[in-house]
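Working notes for the structure below.
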Amino acid sequence: MTISSSQAQTEKNELFFNVLEERRSVRKYDNTAVISDEEIRELIAIATKAPSSSNLQPWRFIVVTDAELKAKLLPIAYNQEQVADCSAVIIVLADLEMYKKVDEIYSSAATAGYVTEELKDRMIANTTKQYMALPAERLKEIAVFDTGLVSMQLMLAARAKGYDTVPMGGYNRAQVVELFNINERYLPTLMLPIGKAATPAHPTTRLAVDQIAFFNEMK
Ligand SMILES: Cc1cc2nc3c(=O)[nH]c(=O)nc-3n(C[C@H](O)[C@H](O)[C@H](O)COP(=O)(O)O)c2cc1C
């Protein structure tokens, strides 16, 4: 790597760190701001570069842009105004039977030339067997964990595009399931309003690294 290209790389990294610093939970949104479906698709495509267990990608998304539907989310989210005022609410769901897409996933890897046909068939058989043998509680743990990873990437991708977000667990899950008639295979994990801030987020602090990170031991 030449000096100038490594400098360019350092500058790119700095921009990434700025995005990390700038993501804050915004709760007041400009209710006139619109984000196109296309842009939301693009954000989701970037976010789904997230890693997942066996690359099973157990995340699903309901994108709510319709004003009437957003208004219906308001009481479900205990009247947290951001769900009505933001441009879109993305409801992140965990697919508790994610292994059922294994065929599609490894076939696409084979089509792309990343695995041989033989390896693809072996991966499909092994993964299906392995995941089907897992207790439901473990499958849920895996799926929920992976939706956390994709949600984080979604928030950072949104910030990099100039949008704000707030991750929300404060909503009535049963009512979301009822509103969208969601099959029990899918578990709503996070509600994620996205839009343009009308008021900046309030600052927050973090625990000191020495209180949370222990080298070569657990304190
Ligand atoms: C799983 C989860 C659930 C959350 N639920 C809510 C919520 O229902 N309403 C809300 O205003 N903020 C919610 N938050 C945002 C946190 O309060 C916020 O991330 C935290 O205070 C740190 O602030 P920051 O995001 O601005 O750095 C949630 C965050 C997470 C990760």
Side-chain angles (χ1 to χ4, degrees), residues 14-31 33 35 43-44 46-53 57-65 69-96 98 137 139-180 182 186-213:
E14 285 302 324
L15 290 175
F16 175 68
F17 294 138
N18 287 346
V19 170
L20 292 181
E21 289 286 347
E22 285 171 6
R23 185 221 52 85
R24 297 264 76 99
S25 291
V26 165
R27 298 177 177 90
K28 299 265 179 226
Y29 287 88
D30 171 357
N31 62 9
I35 307 179
L43 287 173
I44 291 173
I46 297 167
T48 57
K49 300 285 174 193
S52 61
S53 182
Q57 307 161 51
W59 39 66
R60 306 290 176 262
F61 307 90
I62 300 176
V63 181
V64 186
T65 52
L69 263 182
K70 280 193 287 167
K72 284 188 183 169
L73 290 178
L74 194 55
I76 292 176
Y78 310 119
N79 293 318
Q80 298 191 68
E81 285 169 13
Q82 58 261 28
V83 297
D85 292 340
C86 66
S87 310
V89 178
I90 302 181
I91 301 169
V92 186
L93 308 135
D95 181 358
L96 305 174
M98 69 298 224
E137 224 11 70
L139 283 174
K140 181 172 160 184
E141 194 177 64
I142 293 168
V144 170
F145 186 90
D146 291 353
T147 62
L149 297 177
V150 84
S151 301
M152 187 71 251
Q153 298 227 139
L154 196 44
M155 290 185 263
L156 294 177
R159 180 82 291 272
K161 291 265 185 193
Y163 297 118
D164 298 289
T165 56
V166 51
M168 287 175 59
Y171 65 89
N172 185 314
R173 183 182 271 160
Q175 289 175 359
V176 170
V177 167
E178 196 186 333
L179 180 63
F180 293 97
I182 298 168
Y186 304 103
L187 181 75
T189 56
L190 203 69
M191 217 179 240
L192 191 64
I194 167 168
K196 284 273 184 193
T199 308
H202 61 76
T204 53
T205 57
R206 294 296 186 265
L207 294 168
V209 172
D210 286 345
Q211 282 179 269
I212 55 166

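Positions are given from 1 along the sequence. Heavy atoms only: backbone and side chains are in, while hydrogens, waters and symmetry mates are out. Read the numbers this way: they start at 1 and go in the same order the structure lists the ligands and their atoms.
At a threshold of 4.5 Å between non-hydrogen side-chain atoms, the residues Thr48 and Phe61 count as touching. When side chains are defined from C-beta on, Asp146 counts as touching Ser53, because their heavy atoms get closer than 4.5 Å.
Considering only non-hydrogen protein atoms, atom 5 (N) of ligand 1 sits nearest to Gly169 N, 2.9 Å. In this structure, atom 23 (O) of ligand 1 lies nearest to the protein heavy atom Thr204 CG2, 3.4 Å. In this structure, the protein non-hydrogen atom closest to atom 27 (O) of ligand 1 is Arg206 NH2, 2.7 Å. Of all protein heavy atoms, the one lying nearest to atom 1 (C) of ligand 1 is Leu190 CD1, 3.9 Å. The protein atom (non-hydrogen) at minimum distance from atom 25 (O) of ligand 1 is Ser25 OG, 2.6 Å. The protein heavy atom nearest to atom 9 (N) of ligand 1 is Gln80 OE1, 2.7 Å. Of the protein's non-hydrogen atoms, Arg27 NH2, 3.1 Å is the one closest to atom 17 (O) of ligand 1. Summary of contacts: the protein heavy atom closest to atom 8 (O) of ligand 1 is Gly170 N, 2.9 Å.
Taking a 4.0 Å cut-off on heavy atoms, Glu81 fails to register as neighbouring ligand 1. The shell of residues lying under 4.0 angstrom from ligand 1, judged by heavy atoms, includes Pro167. Contact analysis leaves Met191 out of contact with ligand 1, as no non-hydrogen atom separation drops below 4.0 angstrom.
Here the CD1-CE distance, from Ile90 to Met155, works out to 10.5 Å after rounding to the nearest 0.5 Å. Interatomic distance, Gln175 CD to Tyr78 OH, rounded to the nearest 0.5 Å: 7.0 Å.
In terms of polar-atom proximity, Arg23 is counted as a contact of ligand 1, with an N or O under 3.5 Å from an N or O of the ligand.
Taking a cutoff of 4.0 Å between a charged side-chain nitrogen and a carboxylate oxygen, Arg27 and Glu81 do not qualify as a salt bridge. Using a cutoff of 4.0 Å between basic side-chain nitrogens and carboxylate oxygens, Asp85 and Lys28 are not scored as salt-bridged.
Counting protein heavy atoms under 4.0 angstrom from atom 20 (C) of ligand 1 gives zero.
Between the side chain of Arg60 and the main chain of Val92, no donor-acceptor pair closer than 3.5 Å is present. Listed for the Arg159 side chain is a donor-acceptor partner under 3.5 Å among the backbone atoms of Tyr163. In this structure, Asp164 contributes its side chain and Ala197 its backbone to a donor-acceptor pair below 3.5 Å.
Those atoms of ligand 1 that come under 4.0 Å of a heavy atom in Gln82, given as number and element, are 11 (O).
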